[in-house]
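Worksheet: one structure, shown below.
All ligand and atom numbering here is 1-based and tracks the order in the structure.
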Amino acid sequence: MAPQLRYVLLSPSPMAQARPHLLRRAVAWPATTCTLPTPKGLHRTINPLRSVACSSDVTNPPRRKGSMADVPKDLMDCITDLEKLFTVDKQRINELCDEFVKEFEKGLTEEGSSIPQLPTWVLGFPNGEEKGTYLALDMGGTNLRVCEITLMGHGKFDILQSKYRMDPSVKTSTAEELFGYIADCLKQFVHDHHEGVVKEELHLGFTFSYPCDQHAIDHGILQRWTKGFDVKGVEGVDVVPLFEAALKEKGVPIKLTALINDTTGALIASNYAHPDTKMGVIFGTGCNAAYMEVAENIPKVAKHNLPPDTPMAINCEWGAAFSDRPDVLPRTKYDVIIDKESPRPGQQAFEKMIAGLYLGEVFRLALLDLHQQGHIFLGQSVAKLQTSYTIDTEILSLIELDPFENLRETIDVLETKLGIQCNEQEAKLVRRLAELIGTRSARLSACGVAAIAKKAGLTKCKVGADGSVFNLYPHFKARGAEALRDIFGDAGDDIDIVHAEDGSGVGAALIAALTLERVKAAGLSRECMLRKGVSHAAVS
Ligand code: BGC
């Protein structure tokens with residue numbers, strides 16, 4: 001049974017009142033976020049305040065080994081080898097979790113670790129009463145989203161948003177091209193929704209979901225590109241001046257107030273709606289997590305003399321975990337190839353094993369290897385299988401969802417998407433491989449969540465999770481929940497991973513609001529407060 005979703009709709013904004021069909025369509029929309037296109041490309045989003053999963057799928061992953069009686073010995077041996085390669089058993093997941101905790105702790109010190117643990121200068125949770133209108137800009141991998149968000153207090157909000165397609169070539173362009181394109185989109189948004197004029201008090205939160213060193217909330221030096229991006233002239237550089245120069249050149253009258261990561265956004269937006277949310281995680285094209293520390297536990301910010309109990313959101317950047325420690329995080333030969341052939345070899349080892357960008361590629365490499373060793377698809381042309389990144393994670397999802405004992409859908413998917421004819425026995429191997437890759441991803445992801453819970457002493461909380469793998473990959477939640485029980489026993493169920501609120505939109509707006517409140521409370525001008533790197537001044 002599919003999880004059931006319960007929606008609490010906001011009272012309609014003036015715009016929706018003028019167009020009641022927008023609300024009617026929103027009620028019928030079966031997604032967790034209802035984004036409704038209008039003729040002008042304008043979107044109205046209804047806040048699904050709470051999604052409640054009722055399906056047993058969320059707690060117990062299915063065991064779908066099926067009958068393997070007709071599978072010949074050679075293929076069975078292949079399956080056994082794949083099981084050995086990809087299984088993260090209870091003992092290993094516990095060992096890995098403990099190593100994670102150590103790395104999280106080291107990452108907070110000057111000494112550093114493979115997990116960067118980046119202070120974000122988001123200094124506390126919202127109180128749920130934040131109000132006002134803010135802009136949010138979300139630079140995702142495929143789209144650019146500009147939102148105007150009205151925070152209405154009581155954990156409620158209203159969004160007006162437009163999406164702009166990002167051409168894949170932008171991913172490998174130059175700083176000028178990337179930020180010029182972003183500025184063009186913002187200009188278009190201002191033109192469409194404000195007739196080109198922005199009131200001075202409209203502040204922008206920019207969700208830039210790549211590892212950035214931040215000395216203040218409105219700046220960030222990009223450590224390295226991830227998720228296949230390779231834009232020249234940005235690594236090692238503060239991205240905010242690049243962005244602002246592009247805005248100036250294009251005459252876009254907007255000021256950046258906060259630069260945030262999508263995980264920090266998910267943490268803050270989910271906590272706004274559900275105050276028992278203590279972690280924000282993204283399991284999508286990339287993967288990562290954020291949680292709240294206190295200053296006294298972060299030796300690397302000691303020089304700022306913050307009061308010891310000052311809360312500080314930490315952007316873990318756990319995708320980088322154990323990149324230099326194959327002994328702790330054993331990789332298969334397929335993971336090693338993916339790393340070598342990526343634009344940034346030697347980086348993001350954990351992410352390359354579990355994130356959506358890579359799952360199809362792990363699958364492709366394993367199938368190709370078995371074909372080349374003469375085990376499957378004998379005598380066939382496997383041209384598509386020979387091309388990198390031809391298999392999307394969606395194909396693994398379809399295979400895992402195949403409801404038929406004779407695996408008819410799996411056989412069809414292989415034929416239509418890859419031009420491969422496969423028999424029922426080969427299909428059994430193919431399905432088992434998809435299960436193994438999907439299960440490894442879910443268990444390793446949950447291991448990261450468990451390690452943050454251990455590190456931060458969280459025994460009962462919600463974790464706001466977002467991203468295509470979390471939202472769409474079959475059994476991901478149930479497999480993660482099982483891994484949490486492998487680590488914490490029954491208490492694992494108290495770490496409840498639920499769908500996050502819109503972190504990159506609402507979270508960015510909230511963080512802009514919280515920042516401006518601090519500026520006001522300190523009686524400082526915005527420029528003095530932020531740009532001079534004294535963003536912490538208002539907390540003392
Ligand atoms: C980035 C993180 C981001 C994550 C999810 C990773 O590749 O390094 O900053 O949070 O993807 O989008």
closest protein heavy atom to atom 5 (C) of ligand 1 is D262 OD2, 3.3 Å
Any idea how W318 and F104 line up, ring-wise: parallel (<30°), tilted (30 to 60°), or perpendicular (>60°)?
tilted
Item to check | Heavy-atom side-chain proximity of N261 to N288 below 4.5 angstrom | outcome: yes
Residues 435-473 vs ring-ring contact (aromatic ring centres under 6.0 Å, His included), sequence neighbours excluded, gives none
Honestly, for T285 the part within reach of ligand 1 (heavy atoms, under 4.0 Å) is neither
Atom 6 (C) of ligand 1: closest protein heavy atom, distance to 0.1 Å, is E351 OE1, 3.1 Å
Quick note on ligand 1: atoms under 4.0 Å from a heavy atom of E317 include exactly 1 (C), 2 (C), 8 (O), 9 (O)
A student checking ligand 1 against T226 at a 4.0 Å heavy-atom cut-off should list atoms 1 (C), 6 (C), 7 (O), 8 (O)
Review point. Can you say whether the rings of F208 and F206 are parallel (under 30°), tilted (30 to 60°) or perpendicular (over 60°)?
Key: perpendicular
Honestly, for C287 the part within reach of ligand 1 (heavy atoms, under 4.0 Å) is backbone
Nearest non-hydrogen protein atom to atom 11 (O) of ligand 1, with distance, is K227 NZ, 3.2 Å
Going by atom types alone, do E400 and S397 pair a side-chain donor with an acceptor below 3.5 Å?
no
The side-chain contact (heavy atoms from CB on, under 4.5 Å) partners of D369 (sequence neighbours excluded) come to K333, Y334, Q373
